[in-house]
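Take a look at this one; I'll ask things after.
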Number of protein chains: 4
Amino acid sequence: MNTSTLFQALDQQRIETPSWGYGNSGTRFKTFTSAGAARDVYEKIEDAAEVHRLTGIAPSVALHIPWDEVADYSELRRFAEGRGVALGAINPNVFQDDAYKLGSIAHPDAGVRAQAVDHLLDCVAIMKQTGSRDLSLWFADGTNYAGQDDLRARKRRVREALAQVHDALPEGSRMLVEYKLFEPAFYATDLFDWGAAYAHCLAIGEKAQVLVDLGHHAQSVNIEQIVAFLLDEGRLGGFHFNARRYADDDLIVGTTNPFELFCIYAELVAAQRSEDDLTRSTAQNTAYMIDQSHNIEPKVEAMVQSVLNCQDAYAKSLLIDRERLAAAQQTGDVLEAHRTLTDAFRTDVRPLLADWRRARGLPEDPIATHRASGYQQGAARKRGTASAGGGFPVKS
Amino acid sequence: MNTSTLFQALDQQRIETPSWGYGNSGTRFKTFTSAGAARDVYEKIEDAAEVHRLTGIAPSVALHIPWDEVADYSELRRFAEGRGVALGAINPNVFQDDAYKLGSIAHPDAGVRAQAVDHLLDCVAIMKQTGSRDLSLWFADGTNYAGQDDLRARKRRVREALAQVHDALPEGSRMLVEYKLFEPAFYATDLFDWGAAYAHCLAIGEKAQVLVDLGHHAQSVNIEQIVAFLLDEGRLGGFHFNARRYADDDLIVGTTNPFELFCIYAELVAAQRSEDDLTRSTAQNTAYMIDQSHNIEPKVEAMVQSVLNCQDAYAKSLLIDRERLAAAQQTGDVLEAHRTLTDAFRTDVRPLLADWRRARGLPEDPIATHRASGYQQGAARKRGTASAGGGFPVKS
Amino acid sequence: MNTSTLFQALDQQRIETPSWGYGNSGTRFKTFTSAGAARDVYEKIEDAAEVHRLTGIAPSVALHIPWDEVADYSELRRFAEGRGVALGAINPNVFQDDAYKLGSIAHPDAGVRAQAVDHLLDCVAIMKQTGSRDLSLWFADGTNYAGQDDLRARKRRVREALAQVHDALPEGSRMLVEYKLFEPAFYATDLFDWGAAYAHCLAIGEKAQVLVDLGHHAQSVNIEQIVAFLLDEGRLGGFHFNARRYADDDLIVGTTNPFELFCIYAELVAAQRSEDDLTRSTAQNTAYMIDQSHNIEPKVEAMVQSVLNCQDAYAKSLLIDRERLAAAQQTGDVLEAHRTLTDAFRTDVRPLLADWRRARGLPEDPIATHRASGYQQGAARKRGTASAGGGFPVKS
Amino acid sequence: MNTSTLFQALDQQRIETPSWGYGNSGTRFKTFTSAGAARDVYEKIEDAAEVHRLTGIAPSVALHIPWDEVADYSELRRFAEGRGVALGAINPNVFQDDAYKLGSIAHPDAGVRAQAVDHLLDCVAIMKQTGSRDLSLWFADGTNYAGQDDLRARKRRVREALAQVHDALPEGSRMLVEYKLFEPAFYATDLFDWGAAYAHCLAIGEKAQVLVDLGHHAQSVNIEQIVAFLLDEGRLGGFHFNARRYADDDLIVGTTNPFELFCIYAELVAAQRSEDDLTRSTAQNTAYMIDQSHNIEPKVEAMVQSVLNCQDAYAKSLLIDRERLAAAQQTGDVLEAHRTLTDAFRTDVRPLLADWRRARGLPEDPIATHRASGYQQGAARKRGTASAGGGFPVKS
C-alpha cells in the first residue's frame with residue numbers, strides 16, 4: 001500500500017467520544033474529581049471539539065440522556081456544529097431512576113417497564129432533533145441471586161420492549177444493543193453476551209445491531225472472533241472502546257493488550273474489503289465509540305490518548321500484507337501466517353501518522369500540543385474543581 | 001407435591017452414560033490406567049448396564065466412532081439390549097486422524113473437509129442401525145495463533161459442512177452442536193460459545209440443536225441462564241454433564257458446585273411445565289448425557305456417583321415451591337424468592353431417593369451395593385490392567 | 001458427635017457484622033436507597049443488636065473510621081454494650097480522602113503516606129477506647145496503567161508503613177492485612193494476593209496476620225487451600241465473608257456456591273482440633289466478619305441471612321465423619337473420601353439448628369421472626385428513606 | 001543509551017531452550033507428529049544447537065530425566081559442547097510413573113514419597129555430571145475432589161521433601177520451585193501459586209528460589225508484579241516462558257500479549273540496575289528458560305521464533321527512558337509515565353536487532369535463514385515422522 005492510499009484510508013477513520021468521558025467519574029469507593037472537568041453538556045462538547053481539533057478523527061460526540069438533557073436539542077446541535085463536531089449516538093439512561101432497583105425493561109412490574117420504554121421512545125424523538133443515526137442501548141437489568149426472578153420471563157420482557165423501540169425508529173436509523181457479562185447485576189444480566197444480543201436483534205428486525213464493548217466479556221474470551229462472526233452475519237453495529245484486565249475496568253483503550261486491539265482492527269479492515277456485500281456494508285457502517293471512565297487521568301488528555309491508540313491500531317492493521325497472509329493461511333503455514341500479522345503490528349507507525357497529520361494540517365504530536373496549549377489549565381481556572389466526592393457511604 | 005407425584009417425576013429422569021467413560025483416560029501428562037477398565041465396546045456396554053442396574057435411570061449408552069467401531073451395529077444393538085441398555089447418541093471423531101492437524105470441517109483444504117464430512121455421514125448411517133436419535137457433534141477445530149487462518153472463512157466452512165450433515169439426517173433425528181471455549185485450540189475455537197452454535201443451528205434447520213457441556217464455558221459464565229435462553233428459543237438439544245473449576249476438567253458432575261447443577265435442573269423442570277408449547281417440548285426432548293474423564297477414580301463407581309448426583313439435583317429441583325417462588329418474584333421480594341430456591345436445595349433428598357429405589361426394586365444404596373458386589377474386582381481379574389501409559393513424550 | 005457436643009460447638013461460633021452493612025450502598029452506577037437504612041453509627045449498632053438477638057451468634061459489630069466517627073468512643077462502647085453487642089474490629093479508611101487519588105501508604109509522595117499512617121495510628125488509639133482486638137486493614141492502593149508507578153518502590157513503602165503501625169499496636173492486639181486482586185485499581189493492586197500479604201506480615205512481626213475476603217481472588221482460585229496454608233503457617237487472622245461469581249460482588253455469603261463455604265469451614269473446624277499447637281491456636285483466634293454490600297436487599301434481613309448461612313456451613317462441617325475421612329484419605333480411596341465430605345454437606349441441618357435455637361432461647365426461625373416483628377417497618381417510619389442516590393455523574 | 005551500550009546489553013541476554021520442545025507433543029486429545037521431530041536427546045541437542053547458531057542467545061539446553069536419560073552424562077555434556085551448547089537445568093519427572101497417580105512428594109503413602117525423593121536426589125547427582133547449576137522442579141501433585149486428601153498434611157509432606165532435596169544440593173547450585181494453578185490436578189494443586197512456592201523456599205533455605213511459568217496463573221493475574229515482588233525479596237529464580245490465553249496453553253512466548261512480556265522484561269532490566277544488592281544480584285542470576293508445546297508448528301522454527309520474541313521484548317525494555325519514567329512517576333503524571341513505557345514498546349527494534357546480529361556474525365534474519373537452510377527437510381529425511389499418535393483412547 002503506498003502512502004497516498006494509506007493516507008486515504010487514514011482519512012476515513014472515525015472515533016466518537018462520549019460526553020460523559022469529560023466529566024468526573026469514579027469507582028463505587030470514591031470519585032476523585034479533576035480540576036477543569038466539564039460541568040455540563042456545553043463544556044463536554046467543547047472538550048470533544050478540542051479532541052477533534054487535535055486528532056482530526058473524532059468529529060462527533062455521543063450524548064447521554066438525561067445527563068445531557070437540554071430544552072432545545074436543535075440549539076445544542078448548532079452549538080456543537082459551531083465548534084466543529086456533530087452530535088452522535090443517543091444513550092438513554094434506564095438505570096438510575098429509583099424505580100429501576102430491580103430492572104427496567106425486564107422488571108417484573110409492567111409499570112416500571114412502561115416507564116423505561118417511554119424514556120427510550122423519548123430518546124428516539126431526541127435523535128430526530130440531534131440528527132443522530134444510532135440509539136445506543138445499555139441495560140443494567142439483571143438479578144443478584146438465583147431465584148430472584150424468572151429468567152425466561154425476563155428474557156421475554158426484554159424482547160417485547162426492544163421490539164417496541166425498534167418499530168419506532170425512523171428510517172435510516174439503528175438501535176445498537178449492548179451486552180455485558182455482569183455489573184451492576186451479579187447473578188444474571190439479562191443481556192449477558194453477544195449471543196443473547198444477537199438473538200434479540202435477529203428476532204426484532206433489521207434496524208437492530210449488536211454493540212461490542214471491549215470490557216464486557218468473560219475472562220479469556222476472543223473478542224476479534226465475535227467481531228468476525230457478527231460481521232459475517234451482518235449484525236455488528238458498533239463498539240464501545242476501552243481496556244480492561246479484570247472486569248469492566250473502563251481504562252484507556254489499547255493500554256492492557258495493544259495486540260488485541262490490533263487484531264480487532266485487522267478483522268474490521270479485512271471486512272471493509274470483503275467481496276461479500278453484507279459483510280462489507282456492515283463493516284462500513286460500524287460505529288466506533290469510546291466508553292471509558294477516566295478516574296485518575298486528566299480527561300481531555302486521556303481522550304486524545306484513546307483516539308490515538310485507536311489510530312495506531314488501525315494504521316498497523318492497514319499495513320498487513322493481505323496476499324502473503326492469505327497464501328500462508330491457505331497452505332497451513334501457521335508461523336508464517338502469524339508472522340505476517342505480527343510484522344504489521346511490530347511496525348512503528350508513529351512516523352507515518354506524523355506525516356499524515358502534517359499533511360492534513362493537524363498537530364504532529366497531539367499530546368504535546370495539548371499539554372503546551374494551556375487548555376487544561378484554562379478549563380481548571382474557568383470550571384474549578386468539584387467538591388463532591390461520591391462513593392460510600394450515602395447518608396440516608 | 002406428594003410422594004406419588006414425586007415418584008412419577010423421578011421415574012422420568014434419564015441419564016445417558018458414555019462408552020468412553022468406562023475406558024482409561026488421562027491428561028496430556030499421563031494416563032494412569034485402572035484395573036478392570038473396559039477394553040472394548042462390549043465391556044463398556046457391560047459397565048453401562050451395571051450402572052443402569054444400580055441406578056435405574058441410565059438406560060442408554062453413547063457410542064464414539066471409531067473408538068466403538070464394529071462390523072455389525074445391529075448385532076451390537078442386540079448385545080446392548082440383551083444387557084438391558086439401548087445404544088444412544090452417536091459421537092463422530094474428526095479430531096484424531098493425522099489429517100486434522102489444522103482442523104476438520106473448518107480446515108483450509110477442501111479435501112480434509114470432505115474427509116470429515118464423509119465420516120459424519122457415515123455416522124448418520126450408523127445411527128440408523130443403532131436406532132439412535134441424536135448425532136452428537138463436537139469439533140476440535142480452531143487455531144492457536146492470531147492470523148493462522150481466516151476466521152470468517154472458517155465460519156463459512158463450518159456452516160457449509162453442518163448444513164450438509166443436517167440435510168442427511170433421517171426424519172425424527174437430530175444433530176446436537178456442541179461448543180467449547182478452548183482446548184485443544186488455544187487462540188480461537190470455531191464453535192466457541194453457545195451463540196455461535198445457536199447461530200449455525202438457526203441457519204441450517206430444525207433438526208439442529210445446541211448441546212451444552214458444563215465444562216466448556218469461560219470463567220463465571222451463568223450456565224443456567226444459557227439453558228433458560230435456549231429453552232425459550234426452542235434450541236436446547238442436550239447436555240454433556242461434568243464438573244469443573246478451572247478449564248474443561250471433566251470431573252464428576254456436581255462435585256465442584258452442586259448448587260449450580262441444581263439451578264440448571266431448576267430451569268429444566270420449570271420449562272418442562274411451561275405453558276409455552278415450544279419451551280415445554282424442547283425441555284421434554286432434551287438429552288442428558290454424561291461426558292467425563294475419570295482419570296484417578298474407579299470407572300464404574302465414578303459413573304454411578306455421577307448419575308446419582310444428577311438424580312439428587314433433579315429431585316431437589318422437583319421440591320421447589322413454585323407458587324411461593326412466583327409470588328416472591330412478582331412482588332420483588334428478593335430474599336424470599338432466593339430462599340424458596342435454597343429451601344429446596346437444603347433439603348436432604350437421600351431418604352426420598354432411597355424410598356423411591358426401594359419402591360422400584362433398585363438397591364437403596366447403589367454405591368454400597370456396587371462396592372459389595374465384587375463387580376470391580378471381577379472386571380480387574382477378567383480384563384487386567386493396561387500397561388500403556390500415554391502422556392509425553394511420544395517417540396517419533 | 002452427639003447433640004450435646006454439637007450444641008457446645010455451635011455455642012462457640014461467632015460472626016461479626018459490619019456497621020456499614022446496615023447503611024445504604026450501591027455500585028458505581030447507582031445507590032438505591034432502602035427505607036429504614038441506618039443513618040448513623042447508633043442506628044447501625046441497633047441493627048447489629050437486632051441481628052444478634054435473632055441469631056445469638058453475632059455479638060459484635062465492626063466499625064469504620066471516619067464513617068462511624070464519634071467524639072467519645074467509650075460512650076459508644078457503653079451504648080453498644082447496653083444493646084447487647086460489643087464493638088469489634090476497627091477499619092480505617094485511607095481511600096476516600098482527596099489526597100489518596102494515587103494511593104495512601106504506597107503513594108509516591110511522602111506527605112500523603114504520612115497522612116495515611118497518621119490515620120492508621122489514630123485508629124490504633126481508638127481501638128484502646130473501643131476495646132477492639134483487631135485493626136482491620138484494607139488498602140485501595142494500586143495503579144491503573146503499566147508504568148504509572150514503580151512497583152518495587154511501592155512495595156517498600158507499603159512495608160514501611162505497615163511496620164510503623166505494627167509497632168504501635170498494644171499488646172494482645174493484632175493487625176489484619178487484607179489483600180485484593182483488583183478494584184479500585186485496575187492494573188496492579190499493591191496488596192494483590194495472599195502471598196503478598198503473607199510476605200509483609202512475616203517481615204513485620206507477630207501481630208500481623210492475613211485477612212481473607214472471599215471476594216478478593218482471581219477466578220477459580222481455591223480459597224480453602226489458602227485458608228489451610230495460612231492456618232498451617234500460623235498466619236490466618238480473619239475473614240471478610242461474602243459471595244461472588246464475577247468480581248468483588250459483595251453478595252450474601254454462601255449464595256453462589258454454598259459448597260465452597262462449607263469446604264472453608266471444614267478446614268477451620270479441622271484446624272481447631274489439630275494436634276499442632278500453632279495451627280490450633282491460629283484457628284481459635286480467627287476473626288469471622290461479614291463484609292457485604294446489600295444493594296437491593298433489606299439490610300437487617302440480609303444480615304440475618306448472612307449469619308445463618310455461616311451457621312449452616314459451620315454446622316455441616318461439624319458433622320463430617322473425621323475418622324472415616326482420614327481412613328479413606330490414607331488409603332487413597334478418592335471417591336469414598338469425597339463422599340465423606342459431601343455426606344455432611346448433604347445433611348439438612350435446619351432441624352438441628354432449630355433445636356439449638358430453642359434450647360438457647362432464640363427464635364426458631366430468625367427470618368420469620370424478624371419479618372413478623374415489624375422491626376423493618378419501624379425503622380422505615382423512624383429513619384425514612386434517603387433521597388440521595390450516588391452513582392454517575394458527580395457534578396463538578 | 002547509545003548503540004554500543006545497547007549491543008553490550010543485548011550480548012548479555014540468555015534464553016535456555018528445553019530438550020522436550022524439539023520432540024512431538026500434543027494435547028490430551030491427540031499428538032500430531034511432525035516430520036523430523038527429534039527422537040532422542042542427541043537430536044534434541046542438535047536442534048538446540050541450530051537454534052543457538054541462528055540466534056546467538058540460546059547457548060544451553062534443559063534436560064528432562066528420564067526422557068533424556070543416558071548412561072554417561074559426561075559424554076552427553078561433551079556431545080553438547082561439541083555442538084556449541086551447554087547442558088542447562090535438570091528437570092526431574094515425578095508425574096509419569098504409575099506410582100504417582102495420587103501424587104509424588106505429597107502422596108499419602110510414605111513409600112511413594114520416598115521413591116519421588118530418590119529420583120530427585122538422583123537428578124542432583126546428574127547435575128554434578130552435566131555441570132548444571134539449577135534443579136528445576138515441577139510437581140503435578142494435587143487432588144481432583146474436595147476431601148480427597150488432607151491439604152495441610154500434603155503441604156507438610158511437600159515441605160519435608162523439598163527440604164531433603166535442598167540440603168543435598170551442592171554449593172553454588174539452586175533448586176527452582178515451580179508453581180501452577182491447576183492441571184493435571186483439578187481441585188487443588190499442592191504448589192498452587194507463587195505465595196505457596198515462596199513460603200516453602202523461605203522455610204527451607206537459601207538455595208531455593210521460585211520459578212515463574214507464564215502459563216501457570218489464574219486469569220488476569222499481573223505477572224510482572226509477582227516478578228517485581230520476588231525480585232525485591234531476593235527469591236526469583238527463573239522463568240518458564242510461554243504464552244497463553246486460556247489455561248496452560250504452552251504457546252510461543254509473546255504471541256498472545258506481547259505487551260505483557262515487555263512489561264515483565266521491563267521489571268527485570270530495572271532490577272538488574274537496582275541499587276539494592278539483593279534485587280540486583282537476584283535479577284542477574286535469574287534463569288530464562290522456554291517451556292512450550294509446539295503441537296502444530298515446526299519445532300525448530302517455533303523455538304527460533306520464541307527466542308526472537310524474548311529478544312524483541314528485552315530490546316524494547318532496554319529503550320525505556322528511565323529518567324523520564326522516574327520523573328513522571330514521582331510527580332504522579334499518570335499518562336506521561338505510561339507513555340514513557342509504551343514509547344519504548346512502540347519502537348520497532350527489528351533494525352537494531354538486525355544490526356546487532358550482523359555485528360555479531362549472526363544471520364540477520366534467523367527465520368528466513370533457517371527456512372532457506374534445508375535444516376528441517378534434512379531432519380525429516382533423516383528422522384522421519386513418528387507413527388504413534390497419542391491421545392485417547394489408551395487401550396487397556
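In what follows, chains carry the letters A, B, and so on, assigned in the order in which the sequence lines appear, proteins first and then strands, with residues in each chain numbered from 1. Quantities reported herein were computed from a predicted structural model and do not represent experimental measurements. Computed over heavy atoms, backbone and side chain alike; hydrogens, waters and symmetry mates excluded.
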Review point. Checking C/Q330 side chain against D/P108 main chain: does a donor-acceptor pair fall under 3.5 Å?
Key: yes

Practice item. Against chain D, label C/A199 side chain, backbone, both or neither, depending on which of its atoms sit under 4.5 Å from a heavy atom there. Key: both

Practice item. Supply the atom-to-atom distance C/E224 CD to D/L151 CG, rounded to the nearest 0.5 angstrom. Key: 7.0 Å

Practice item. May I ask you to check whether over 12 heavy atoms, not counting those of C/Q284, lie within 6.0 Å of atom CD? Key: yes

Practice item. Side chain from CB out, backbone as N, CA, C, O: work out which of these in D/R339 comes under 4.5 Å of a heavy atom of chain C, or both, or neither. Key: neither

Check your understanding: What is the minimum heavy-atom distance between C/G147 and D/L341, and which atoms define it?
Key -> N-CD2, 3.6 Å

Revision key, fill the gap. Counting heavy-atom pairs under 4.5 angstrom with chain C, the leader among D/D333, D/T279, D/I320 is D/T279

Study note, to complete from the structure: So, the part of C/A196 with a heavy atom under 4.5 Å from chain D: the answer is both

**Study point:** Heavy-atom contact with chain D under 4.5 Å, split by part of C/Y145
**Key:** both

Exercise for review: Examine whether an atom of D/D149 lies under 4.5 Å from a heavy atom of chain C, and if so say whether it belongs to the side chain, the backbone or both; otherwise answer neither.
Suggested key: both

Exercise for review: For the pair C/E233 and D/R159, find out whether any cationic side-chain nitrogen is under 4.0 Å from an anionic carboxylate oxygen.
Suggested key: yes

Check your understanding: Stepwise, does the side chain to side chain contact (heavy atoms under 4.5 Å, CB included) test hold for C/V227 with D/R152?
Key -> CA-CA 10 Å; C/V227 168; D/R152 278 186 292 116; over 6 Å; no

Exercise for review: Decide yes or no for D/N144 and C/V334: does some side-chain heavy atom of the first lie under 4.5 Å from some side-chain heavy atom of the second?
Suggested key: no

Practice item. Tell me, out of D/S220, D/G195, D/A328, who's got the most heavy-atom pairs with chain C below 4.5 Å. Key: D/G195

Review point. Taking side chain as C-beta onward, heavy atoms only, is D/F192 less than 4.5 Å from C/I226?
Key: yes

Check your understanding: Which region of D/T342, side chain (C-beta onward) or backbone (N, CA, C, O), has a non-hydrogen atom less than 4.5 Å from a non-hydrogen atom of chain C, or is it both or neither?
Key -> neither

Study note, to complete from the structure: Here the gap from C/H200 atom NE2 to D/F229 atom CZ, rounded to the nearest 0.5 Å, amounts to 4.0 Å

**Study point:** Options D/G103, D/A228, D/A218, D/A197, ranked by heavy-atom pairs under 4.5 Å with chain C, top entry
**Key:** D/A228

Review point. Any side-chain heavy atom of C/W194 within less than 4.5 Å of one from D/D193?
Key: yes

Exercise for review: Considering only heavy atoms and a distance below 4.5 Å, find which of D/K155, D/H107, D/R154 pairs most often with chain C.
Suggested key: D/K155

Study note, to complete from the structure: Okay, C/A188 and chain D: the region with an atom under 4.5 Å from a heavy atom over there is both

Practice item. Select, from D/Q148, D/E267, D/Q219, D/Q225, the one with the greatest count of heavy-atom pairs under 4.5 Å involving chain C. Key: D/Q225

Point to revise | Proximity of D/Y187 and C/H338 rings by center, below 6.0 Å | key: no

Check your understanding: Checking D/A146 against chain C: side chain, backbone, both or neither under 4.5 Å from a heavy atom?
Key -> both

Point to revise | Heavy-atom proximity to chain D below 4.5 Å, by part of C/A271 | key: both

Review point. Top residue by heavy-atom pair count (under 4.5 Å) with chain D, among C/T340, C/T189, C/L202?
Key: C/T189

Review point. Taking side chain as C-beta onward, heavy atoms only, is D/Q329 less than 4.5 Å from C/T143?
Key: no

Review point. Would you call C/D150 and D/R322 a salt bridge, taking side-chain N to carboxylate O under 4.0 Å as the test?
Key: no

Review point. Tell me, side chain or backbone of C/A203 under 4.5 Å from chain D's heavy atoms, or both, or neither?
Key: neither

